[in-house]
Amino acid sequence: MPELPEVESARSVIERGALDRVIADVDDTDSWVCRPHRAGDIRAALVGRRLTVAHRRGKSMWCDTSGGGPVLGIHLGMSGKIVIAGVDGGEIDGGDYWEGRRVPGDYRWARFTITFDDGGRLMLVDPRRLGRVRLDPPVEALGPDAAGIGQAAFVRAVTGGITPVKGRLLDQHLVAGIGNLLADQILWQAKINPAVPGDEITSAEARRLFRATRDAVGAALRDGGVHTLPIIAHRRADGRCPRDGAPMVHGTVGGRTTWWCSREQVTRSRDAA
DNA sequence: TATAGTGTTATCGG
DNA sequence: ACCGATAACACTAT
């Protein structure tokens with residue numbers, strides 16, 4: 001389930017398997033996933049064109065289209081995957097990262113399908129229907145991508161306000177691409193309690209968060225997704241901190257289930273090293 | 001069998 | 001207007 005690294009994998013699936021092929025048909029009839037358009041609107045806008053470039057910012061993807069066509073926006077939601085099927089229906093590419101229990105070739109939950117003129121297909125496979133497909137998505141509303149943001153911009157984004165710092169890390173308008181698991185990893189690595197208000201984060205702590213973000217995003221991109229991050233296996237009832245062995249504890253922060261080290265992440269910002 | 005969940009958006013109440 | 005909490009989406013995993 002996708003955060004920035006998984007979405008980047010999906011983007012590369014599109015890039016290596018779907019660009020510059022002529023679109024012959026589009027199934028946009030799932031009006032929950034494909035909106036706010038009426039069924040057929042996306043089809044009418046795409047048939048006869050080609051996808052030319054696949055972009056990503058945070059967890060959002062979008063493709064330019066040929067001939068002055070609209071931009072095709074794709075968001076994977078919580079359970080979406082991009083899958084390329086061959087002419088015979090066999091699965092050619094479902095991405096390099098962890099796929100849960102999904103069996104290649106299982107297209108039961110295809111919510112949006114582009115069929116190319118050779119019969120091959122690009123599908124958004126999304127059991128929970130939390131993904132979204134739309135034309136001309138509002139990409140400019142997103143903050144800078146977490147994989148490339150500079151330190152100054154990052155520090156500005158995560159400090160200030162009375163909202164818990166984890167909530168700021170998760171706010172896609174401030175920094176784009178950090179999800180619940182990346183946020184827990186970043187805060188654990190930086191040894192900061194997730195509930196500390198943004199305006200109590202010191203500049204030293206903000207710099208630690210920046211480095212942890214760069215490290216965690218880079219490691220997840222390299223190692224196969226956010227589930228490979230060090231703290232993730234310890235987000236469980238009998239989990240212990242891999243650094244000091246203290247019990248991991250959990251609660252709700254920023255509306256999401258949050259796990260942290262009971263010893264290293266309890267201090268308020270003014271007490272931190 | 002029951003519950004929680006790697007995401008986002010709208011809505012409600014303070 | 002800001003902020004947080006909640007529901008909704010529909011299926012899977014524990």
Side-chain angles (χ1 to χ4, degrees), chain A residues 1-10 30-36 56-62 73-82 95-103 106-112 124-134 137-139 141-143 145-147 160-188 194-200 213 216-217 219-221 223-239 250-260:
Chain A
M1 302 185 188
E3 299 188 28
L4 185 155
E6 288 76 17
V7 178
E8 175 56 24
S9 171
D30 187 322
S31 60
W32 179 261
V33 170
C34 306
R35 59 176 174 172
R56 182 195 60 75
R57 181 155 161 191
K59 306 171 198 170
S60 293
M61 293 183 285
W62 65 99
I74 302 175
H75 196 291
L76 300 178
M78 217 158 173
S79 61
K81 279 187 67 69
I82 295 296
D96 301 326
Y97 286 2
W98 181 74
E99 301 184 3
R101 294 283 171 84
R102 179 177 173 274
V103 179
D106 179 358
Y107 308 138
R108 277 180 298 163
W109 313 122
R111 310 299 192 183
F112 173 76
L124 169 63
V125 176
D126 179 18
R128 291 180 66 177
R129 293 173 90 206
L130 297 169
R132 293 292 178 266
V133 176
R134 57 164 299 176
V139 173
L142 294 169
D145 188 75
I162 62 174
T163 305
V165 62
K166 179 172 180 180
R168 300 186 72 87
L169 288 170
L170 292 174
D171 186 339
Q172 305 300 302
H173 305 285
L174 298 175
V175 183
I178 300 172
N180 199 33
L181 296 186
L182 264 171
D184 276 7
Q185 169 67 32
I186 290 164
L187 289 157
W188 174 77
V196 172
D199 62 7
E200 292 184 23
T213 297
V217 171
L221 281 167
D223 297 338
V226 294
H227 62 288
T228 65
L229 292 167
I231 201 59
I232 301 310
H234 307 280
R235 294 171 89 256
R236 40 184 290 172
D238 57 351
H250 68 103
T252 298
V253 180
R256 309 300 303 279
T257 297
T258 301
W259 291 81
W260 65 94

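These values consider heavy atoms only, across backbone and side chains, with no hydrogens, waters or symmetry-generated copies.
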Exercise for the section: Output, in order, the C-alpha distance, side-chain angles, deciding distance and verdict of salt bridge (Lys or Arg N to Asp or Glu O under 4.0 Å) for D145(A) and R56(A). Expected result: CA-CA 9 Å; D145(A) 188 75; R56(A) 182 195 60 75; 2.6 Å; yes
Separation of atom [atom1] in [X] from atom [atom2] in [N], rounded to whole Å:
X	N	atom1	atom2	answer
D199(A)	dC3(C)	CG	C1'	13 Å
K166(A)	dG4(C)	NZ	C1'	15 Å
R134(A)	dT9(B)	CZ	P	10 Å
H173(A)	dC3(C)	NE2	C1'	14 Å
H250(A)	dA4(B)	NE2	P	10 Å
D126(A)	dT12(C)	CG	P	11 Å
R235(A)	dA4(B)	CZ	P	14 Å
M78(A)	dT12(C)	CE	P	15 Å

Handout entry: Side chain proximity check, Q185(A) to V226(A), heavy atoms < 4.5 angstrom
Key = no
Handout entry: Pairwise side-chain contact, R35(A) with R132(A), heavy-atom cut-off 4.5 Å (strictly under)
Key =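 Yes, their side chains come closer than 4.5 Å.
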Practice task
Would you give the length of the straight line joining atom CD1 of I232(A) to atom NE2 of H227(A), rounded to the nearest 0.5 angstrom?
Solution key: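 Those atoms lie 10.0 Å apart.
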Fill in the blank from the handout: To the nearest 0.5 Å, atom CH2 of W259(A) lies from atom CZ of R236(A) at 9.0 Å
Fill in the blank from the handout: Secondary structure of DNA chain C per the Watson-Crick/G-U criterion (both distances under 3.5 Å; [ ] crossing, | other strand, . unpaired) is .||||||||.||||
Under-4.0 Å side-chain N/O to phosphate OP1/OP2 contact, [X] with [N]:
X	N	answer
S79(A)	dG7(B)	no
Q172(A)	dT8(B)	yes
H75(A)	dG7(B)	no

For [N] and [M], measure between their [atom1] atoms and round to the nearest Å.
N	M	atom1	answer
dG5(B)	dA5(C)	P	15 Å
dA7(C)	dT3(B)	P	14 Å
dT6(C)	dA4(B)	C1'	16 Å

Check: [X] side chain, [Y] main-chain N or O, donor-acceptor pair, under 3.5 Å:
X	Y	answer
R111(A)	G131(A)	no
R168(A)	V165(A)	no
E3(A)	L181(A)	yes
Q172(A)	G177(A)	yes

Problem - Where P2(A) and L76(A) come nearest, the two heavy atoms and their spacing - result: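 Shortest heavy-atom contact: CG-CB, 3.6 Å.
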Problem - Heavy-atom pair of closest approach, residues L170(A) and A183(A) - result: CD2-CB, 3.9 Å
Problem - I178(A) and its side-chain contact (heavy atoms from CB on, under 4.5 Å) partner, picked from T213(A), D171(A), L4(A) - result: T213(A)
Please list, pair by pair, any protein nitrogen or oxygen found under 3.5 Å from a nitrogen or oxygen in nucleotides 11-14 of chain B.
none

Fill in the blank from the handout: Under a 4.0 Å heavy-atom criterion, the protein footprint on nucleotides 5-11 of chain C, written with B, S and -, is ----BBB
Exercise for the section: Check every strand shown and say whether P5(A) touches a base, only sugar-phosphate, or nothing at a heavy-atom separation below 4.0 Å. Expected result: nothing
